[in-house]
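To find a chain, count down the sequence lines: A is the first, B the second, and so on, and within it residues start at 1.
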Protein chains: 2
Amino acid sequence: MPKVRNTKQRQIILRVLKGTNTHPTADWLYQKVKDKIPNISLGTVYRNLGVLKEQELIQELRHAGSQSRYDGNPQPHYHFFCLDCGRVEDVILPYSEQMDQDFQSQMPEYAVFGHKTEFYGCCPGCKKRKQEEE
Amino acid sequence: MPKVRNTKQRQIILRVLKGTNTHPTADWLYQKVKDKIPNISLGTVYRNLGVLKEQELIQELRHAGSQSRYDGNPQPHYHFFCLDCGRVEDVILPYSEQMDQDFQSQMPEYAVFGHKTEFYGCCPGCKKRKQEEE
DNA sequence: GTACATGCAAATTATTTGCAACAGG
DNA sequence: CCTGTTGCAAATAATTTGCATGTAC
């Protein structure tokens, strides 16, 4: 495993990501970080997100039909995806160790490290907007 | 919503997908379907997977660092991703309605339609191979 | 016959990579 | 200094799309 240097670019990318709860895309981060480092390149953002994920300081979220999103909170927790506006939010439910235990007892030949759960539906804003349209 | 025709291409794509439990990629399906329809194009496979998903006859699975995979079983159920070999398998655990109810009571302003859960770890084959390498 | 669907190829989107110059420890 | 990292641009991978033609109903 190669050594990792503490570059200004990486520091700022991490700080910006930790400072938002919007679960942004690489491109959104690129735009934000450009305010601090105007000549940073998108490639650098991607490379650093890769490194930070490797170091388990952040996590990557993937969902059908959109680019990857990143979460500055590396702790396992659940997410909600709004099918209408694409917003991603944290879910206020504790991680279920029980699920992993249930998995383990049903499928004992497997080694399970954990699970990811994403809820989907309609966020409060979109729900309201839809009701008003009727 | 446009009318959907029952084309030979779509029939075969669906049949091949329903006939495997490997949760294949679009490209894998394309290769398989070519045995039946030699001059089918990859674009047609993608377009039909889109239509079938729309009709809720299949579902799409997405995971960091790999292309989309498709599942011929539209019923909500959980999946296991092997971090070593990339294999995707169905999990023998019932869908937890309870989770959706818990979500609903914690976050009542949201409309929740369901959730997806993917376990990750090491499949029996890879687990065994790793043990032997030690 | 009408419109949805196809094959083909080109386009688009998201992400990765080669490389020479730069900079952290 | 040494080697990881950057900016830039070009390359790749995955998926989507325009269009003339084909075909289901």
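Between B/Ile58 and B/Pro74, the closest side-chain pair of non-hydrogen atoms is not below 4.5 Å. Using a 4.5 Å cut-off on side-chain heavy atoms (C-beta onward), A/Arg87 and A/Phe81 make no contact. Under the 4.5 Å side-chain criterion, counting only non-hydrogen atoms from C-beta, B/Ser68 is not in contact with B/Leu61. For the pair A/Asp71 and A/Asn21, the minimum side-chain heavy-atom distance is 4.5 Å or more.
Counting only residues at least two apart or in different chains, salt bridge (Lys or Arg N to Asp or Glu O under 4.0 Å) contacts with residues 16-43 of chain B are absent. The ring pair (Phe, Tyr, Trp, His ring centres under 6.0 Å) analysis of residues 3-30 of chain A, with sequence neighbours excluded, yields the pairs A/His23-A/His79.
Residues meeting the side-chain hydrogen bond (donor to acceptor under 3.5 Å, both in side chains) test with B/Glu118, sequence neighbours left out: B/His63. Residues satisfying the side-chain hydrogen bond (donor to acceptor under 3.5 Å, both in side chains) criterion with B/Arg10, sequence neighbours excluded, are B/Asn48. Residues satisfying the side chain to side chain contact (heavy atoms under 4.5 Å, CB included) criterion with B/Gln98, sequence neighbours excluded, are B/Ser96, B/Gln101, B/Asp102. Under the rule for a salt bridge (charged side-chain N to carboxylate O under 4.0 Å, His left out), B/Glu97 has no partner lying at least two apart in sequence or in another chain.
Rounded to 10°, the helix from C/dG1-D/dC25 to C/dG25-D/dC1 has 50° between the axis fitted to its first five pairs and the one fitted to its last five.
One interatomic measurement links the two molecules: CG of B/Leu49 to P of D/dT15, which rounds to 10 Å at whole-angstrom precision. C/dA14 atom C1' lies 18 Å from atom NE2 of B/His63, rounded to whole Å. Look at CG on B/Asp27: it is 10 Å from C1' on D/dA14, rounded to the nearest Å. Whole-Å rounding puts the B/Ile13 CD1 to C/dG7 C1' distance at 13 Å. D/dG4 atom C1' lies 15 Å from atom CD of A/Glu54, rounded to whole Å.
With hydrogens and angles disregarded, a donor-acceptor distance shorter than 3.5 Å links the side chain of B/Gln59 to the backbone of B/Gln75.
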N/O donor-acceptor pairs under 3.5 Å from side chains in residues 121-132 of chain A, not counting sequence neighbours:
residue, atom, partner, partner atom, Å
A/Arg129, NH1, A/Glu133, OE2, 3.4
A/Lys130, NZ, A/Asp84, OD2, 3.2

Let me check something: any side-chain donor-acceptor pairs from residues 106-117 of chain B under 3.5 Å, sequence neighbours excluded? List them with distances.
residue, atom, partner, partner atom, Å
B/Tyr110, OH, A/Glu89, OE1, 2.3
B/His115, ND1, B/Tyr95, OH, 3.1
B/His115, ND1, B/Asp100, OD1, 2.7
B/His115, NE2, B/Tyr78, OH, 2.7
B/Thr117, OG1, A/Thr117, OG1, 2.7

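Between B/Arg69 and A/Val45, the one whose closest nucleotide on DNA chain D sits nearer the 5' end is A/Val45.
Near DNA chain C, meaning a heavy atom under 4.0 Å away, there are no residues from residues 82-90 of chain A. Annotation: proximity of residues 30-42 of chain A to DNA chain C (heavy atom, distance under 4.0 Å) is found for A/Leu42, numbered in ascending order.
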Take nucleotides 17-25 of chain D nucleotide by nucleotide from the 5' end and write B, S or -, depending on whether a protein heavy atom sits under 4.0 Å from the base, only from the sugar-phosphate, or from neither.
-> BB----BBS
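Among the atoms of the strands shown, only primed sugar atoms or phosphate atoms (P, OP1, OP2) are found under 4.0 Å from some heavy atom of A/Asn48.
Contact check, A/Ser68 against C/dT15: a side-chain N or O comes under 4.0 Å of OP1 or OP2. In this model, the phosphate group of C/dA23 is not approached by any side-chain N or O of A/Gln9 to a distance below 4.0 Å at OP1 or OP2. The side chain of A/Gln67 contributes no N or O atom lying less than 4.0 Å from OP1 or OP2 of D/dA14.
The ring of A/Phe103 has its center closer than 6.0 angstrom to the ring center of B/Phe119.
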